[in-house]
Amino acid sequence: LFITGWLIWAFVTWVDDLVRPLIPEMYRPETYLPVRIPGSGLILALFGAAHFVSVRATHTLDAALSGVVEDSEARNAAAYEMQIGLERMTRAAQAVPEAAGPAQRKQLGDAQAGFERALSNYTALASTARSRSLKRAIDARYARYNERVSALVEQADAHSHHLADY
């Protein structure tokens, strides 16, 4: 028991002697009190260590959350690009029956290429299970959409050939 008490006292004194020179004199308790308070250096060292650990943890957490937010923002941007591409494809596909010329087909092809580019960007950024699930659903719906657009273009071609025969 005596040895344990002596080891604790020696450790506290050693830490006090290490930390005390780092504290300005106006902040030391013995400046204002007639006695020296044992353990004040140890307490300040513990507060300093706790502060260091909390700052380090904050930086680590901030870096992790920043990465998540940046990925989320990039996925949102890719989803917005897909929405714009889909709107362009829809407008181009709706205009095919009215003017089924090479310019209209080029516009439709450009819109499809833009959507597929945005879809590949989204695919590259799909890091969560939910975003990968959404990507699979988008792929399936886009395949059905492409089938319908192809059928619409074929129908417009057949109609224009039928009119040309007259």
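Positions are given from 1, in the same order as the sequence printed here. These figures come from a predicted structure and were not determined experimentally.
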Original post:
Hey, what do you get for CG (D110) to CZ (R88), rounding to the nearest 0.5 Å?
Top reply: 6.5 Å
Original post:
Rounded to the nearest 0.5 Å, how far apart are CZ of R144 and CD of E147?
Top reply: 8.5 Å
Original post:
Looking only at heavy atoms, which two atoms of A45 and V19 are closest? And how far apart?
Top reply: CB-CG2, 3.8 Å
Original post:
Hey, is the main chain of M26 close enough, under 3.5 Å, to the side chain of Y32 for a donor-acceptor pair?
Top reply: yes
Original post:
Which of parallel (below 30°), tilted (30 to 60°) and perpendicular (above 60°) describes Y142 and Y145?
Top reply: parallel
Original post:
Would a hydrophobic clustering, with Ile, Leu, Val, Met, Phe, Trp and Tyr connected at side-chain separations under 4.5 Å, put I23 with L18?
Top reply: yes
**OP:** Report whether Y27 and L42 are members of the same hydrophobic cluster (ILVMFWY, side-chain heavy atoms less than 4.5 Å apart, transitive linking).
**Re:** yes
**OP:** Take atom CG of L22 as the centre, draw a 6.0 Å sphere, and report whether it contains more than 12 heavy atoms from other residues, nucleotides or ligands.
**Re:** yes
Original post:
What's the spacing between R28 CZ and S40 OG if we round to 0.5 Å?
Top reply: 9.5 Å
**OP:** Go through L86 and R141 one step at a time and tell me if the side chain to side chain contact (heavy atoms under 4.5 Å, CB included) criterion holds.
**Re:** CA-CA 12 Å; L86 185 62; R141 289 179 181 157; over 6 Å; no
Subject >> For the student: nearest non-hydrogen atoms of V149 and Q112, plus distance >> reply: CG1-NE2, 4.2 Å
**OP:** Report yes or no: does S133 contribute a side-chain atom to a donor-acceptor pair with the main-chain N or O of A129 at less than 3.5 Å?
**Re:** no
Original post:
Has the side chain of E30 got a donor or acceptor atom that lies under 3.5 Å from a matching backbone atom of I37?
Top reply: no
**OP:** May I ask you to check whether Y122 and E81 show a side-chain donor-acceptor distance below 3.5 Å?
**Re:** no
**OP:** Establish whether L125 and L134 are linked, either directly or via other cluster members, by ILVMFWY side-chain heavy-atom contacts under 4.5 Å.
**Re:** no
Original post:
If you measure from OG1 on T13 to CZ on R20, what distance do you get to the nearest 0.5 Å?
Top reply: 9.0 Å
Original post:
Which distance, rounded to the nearest 0.5 Å, do you find between the CG of L46 and the NE2 of H51?
Top reply: 14.5 Å
Original post:
With the 4.5 Å side-chain cut-off for hydrophobic clustering, are I8 and W14 part of the same group?
Top reply: yes
Subject >> Distance, nearest 0.5 Å, that separates CG of L44 from CZ of F47 >> reply: 8.0 Å
